[in-house]
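First the structure, in the form of structure tokens, and then the observations on it.
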There are 2 protein chains.
Amino acid sequence: MATTLKDVAREAGVAVNTASKVLRGDPHPMVSIKTRERIMEAARRLRYRHNLHARQLRTGRSEVVGILAGALREGVNLARFQAVEHAIRARGCRTLLGHAAGEPELQLQFAKDFASNMAEGVVVLSTLLGYRYSLELLNEWRIPIVSLEPLDGVKADVVTVDRREGARLATRHLLELGHRRIAMLHGGMKTPTMAERHQGFREALTGHGCPLEEAPLIQMDPTTSGGVCARGEATAWRLLALRPLPTAVLCSNDEVAIGVMKTLAEAGVRVPEEMAVVGFDDIYIAAHLPVPLTTIAQPVEEQAARAVALLFERIEDPDLERPPQVIRLAPRLVVRASCGASSAGEERRAAD
Amino acid sequence: MATTLKDVAREAGVAVNTASKVLRGDPHPMVSIKTRERIMEAARRLRYRHNLHARQLRTGRSEVVGILAGALREGVNLARFQAVEHAIRARGCRTLLGHAAGEPELQLQFAKDFASNMAEGVVVLSTLLGYRYSLELLNEWRIPIVSLEPLDGVKADVVTVDRREGARLATRHLLELGHRRIAMLHGGMKTPTMAERHQGFREALTGHGCPLEEAPLIQMDPTTSGGVCARGEATAWRLLALRPLPTAVLCSNDEVAIGVMKTLAEAGVRVPEEMAVVGFDDIYIAAHLPVPLTTIAQPVEEQAARAVALLFERIEDPDLERPPQVIRLAPRLVVRASCGASSAGEERRAAD
DNA sequence: CTAGAATAGGTTAACGATAATCCATGAACG
DNA sequence: CGTTCATGGATTATCGTTAACCTATTCTAG
């Protein structure tokens, strides 16, 4: 069928292993320049491509790293994917994407696929319900894991963003702009992520001498169809029902914030004049909305680089004793129009 | 290292090939229930995973299809990826994503990777400059290709969306709402895609008895940094410079439309009252903007399904004689607020 | 009671690439 | 002149799985 090493060797009039040495770039080829060139020429003529499966079987090294994503279209997952892939390729490995696309069973399927492909490590971009079982399987197969989101009950390094600091930054910014009645949306207190955010929120408020009673927590609407934006839209009506009406709202992420802004527009509530909105993640579109969104940016590149570095430590030394690490990177406040920080100020900065 | 079939066989007290038959689900196992269960139990106990590389080497079938994407974050590419992957998995194959992320050299790299992985076919979601050489390589390796975008100089089936019909639908809709001075943005007439759109635009106008002089074509701003939205933002200023000011604008795609709407907001031009905006693609966010975007939706699911069906015809019969097909699917107009269909339309017609 | 299925399972030779080992040839050296 | 070594290249075992081909036992029909 396809040309093999044997074909190339025959064409060049040498033995297979000589061809092998040359074509894979052996550092000590012990092959004369002439022979080398004859082999390269033959390979080119026959359009030879090495069979990775055969190589992997023989060498036992797959040079493949799995990337597991719960839902690429949400938040910064796609940006993470890009950054992680780039970092992995920089180390000479290929990448296998397992995109569960919101279906928890697929998560398990991909964990098994990674194992069957002899992946040397796995990067978790985001998870879905039931991730624990899938990742425990990887643990059992001794495949090192690094995650960009907090993980529970799984042996893995974690490189995540400090959500508490993020919430603190956002809240403090609103307080400094004079807001006192700030609402925070949340999707359920049970997740550690959410608890962290809430803690940062409270710390900023009390640090500013603000009573927590004026800072209502709004439970996200449980609607699931229509995606994350739709949840934001539905939840915004709860926000609008509050009396007295808050003057600012901290959203769980940018997509929710976009949904909220849509409902506010529908209700005739102007952003930022009547309601300041802050998001989380700094997704691409956030900067390009009619009212650009103030948000907390995640240091995606750095996160990816550090995560991949940790993973390769374990890949290169499978017996590494280092206990699982948890690294929290600092997020960054990105001020745009949606919180009402003076537009003159923004222009001033842009001019600099 | 990892447990192999031999380990399982030894544990169960049978020969390797008996274990192989059972574990891969041979339709004619000729293995007693008792033995079968002993093998399954042993596999479970030893956490056996088959080695796909060994299997592929032996069977010569990789059951892998490559997916090549120029830039996942743009337009409907991510949705396409999801739909295509789903369709491929439904046929029992795995997927290999080659995400060039805007870098043309990576496109070539991934084409080679697909070949080295013995991919049985390739689905092209979108392309970048220089795709031709990469795909010709796949042609030479006799790997069948199906593309979701028009391709030039490459042997491949194509399942695309009828852009002419899309432009016609959008333009006609605006005309019916009473618009007469409609601008169209374009990124250069050289691409067949763009030429098609322009043709549909003109057909709709002349079909309505509109002089083409009142329908200006605006060349997209060549800015490249900041992504597609930023280009829309920059281009919108050109639109605003026109006299008389058009009352509607047809954008190349939704991201451009989003950028345009941002600039219009900045300039104090209300959408849709003073300017109707229509996009193309119907990306997720389009429905969730403060002023939801009227747009032309691509039939992504159907496109993916038909493309994958064509591809598998060729995979299953490598000697299939059928010449490359080009299928054009009909897009669909999605009316939302940005064109003012419900309210402003009647007023404008009355005023004209 | 025996030929011939049918059943249950074992043996072994690949698949393509790699790497350890082995075999020539020629040069350098005492 | 024989030994050592460096160079250039060939032989061959092996990775884990599969599939074609055996062997041995049981069952059934005539």
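In what follows, chains are A, B, ... by sequence order, proteins preceding strands, each numbered from 1. Note: hydrogens, waters and symmetry copies are ignored here, and every other heavy atom, side chains too, is used.
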Using modelled atom types and a 3.5 Å cut-off, is there a donor and acceptor pairing between side-chain atoms of [X] and backbone atoms of [Y]?
{"X": "A:T59", "Y": "A:R55", "value": "yes"}
{"X": "A:R73", "Y": "B:A79", "value": "no"}
{"X": "B:R49", "Y": "A:S116", "value": "no"}

Checking contacts here: which listed nucleotide ([options]) is nearest the side-chain heavy atoms of [X]?
{"X": "B:L57", "options": "D:dT17, D:dT18, C:dC15", "result": "C:dC15"}
{"X": "A:V16", "options": "C:dG9, D:dT12, C:dG10", "result": "D:dT12"}
{"X": "A:T18", "options": "D:dA10, C:dA17, D:dT17", "result": "D:dA10"}
{"X": "A:L5", "options": "D:dT18, C:dG10, C:dT18", "result": "C:dT18"}
{"X": "B:T59", "options": "C:dG16, C:dG9, D:dT18", "result": "D:dT18"}
{"X": "B:R58", "options": "D:dA19, C:dT18, C:dA17", "result": "D:dA19"}
{"X": "A:V14", "options": "C:dG9, C:dA17, D:dA10", "result": "D:dA10"}

Check whether any side-chain N or O of [X] sits under 4.0 Å from OP1 or OP2 of [N], and answer yes or no.
{"X": "B:S20", "N": "D:dT17", "result": "no"}
{"X": "B:R24", "N": "D:dA19", "result": "yes"}
{"X": "A:Y48", "N": "C:dG16", "result": "no"}

Looking at B:E41 and B:R44, is any side-chain nitrogen of the basic one under 4.0 Å from a carboxylate oxygen of the acidic one?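 So B:R44 pairs with B:E41 through a salt bridge.
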
Salt-bridge criterion met for B:R91 and B:E120 (N-O under 4.0 Å):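 Here B:R91 does not pair with B:E120 in a salt bridge, since their nearest N and O are not under 4.0 Å apart.
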
What is the distance, to the nearest angstrom, from the [atom1] atom on [X] to the [atom2] atom on [N]?
{"X": "B:R55", "N": "C:dG16", "atom1": "CZ", "atom2": "C1'", "result": "18 Å"}
{"X": "B:K6", "N": "D:dT17", "atom1": "NZ", "atom2": "P", "result": "10 Å"}
{"X": "A:I33", "N": "D:dT7", "atom1": "CD1", "atom2": "C1'", "result": "13 Å"}
{"X": "B:K21", "N": "C:dG10", "atom1": "NZ", "atom2": "P", "result": "9 Å"}
{"X": "A:L23", "N": "C:dA19", "atom1": "CG", "atom2": "P", "result": "14 Å"}
{"X": "A:N51", "N": "C:dA14", "atom1": "CG", "atom2": "P", "result": "18 Å"}
{"X": "B:N117", "N": "C:dA17", "atom1": "CG", "atom2": "P", "result": "13 Å"}
{"X": "A:E63", "N": "C:dT18", "atom1": "CD", "atom2": "C1'", "result": "13 Å"}

Give one of base, sugar-phosphate or nothing for B:N17, where a contact means two heavy atoms less than 4.0 Å apart.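 Since a base atom lies under 4.0 Å of B:N17, the category is base.
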
How is A:H53 classified with respect to the nucleic acid when contacts are heavy atoms under 4.0 Å: base, sugar-phosphate, or nothing?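 If one applies the 4.0 Å heavy-atom cut-off, A:H53 turns out to touch nothing in the nucleic acid.
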
For A:R94, is the CZ atom crowded, meaning more than 12 foreign heavy atoms sit under 6.0 Å from it?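 Yes - once you tally the heavy atoms of other residues, nucleotides and ligands closer than 6.0 Å, there are more than 12.
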
Hey, which sits more toward the 5' end of DNA chain C by its nearest nucleotide, B:S32 or A:H50?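 The residue mapped nearer the 5' terminus is B:S32.
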
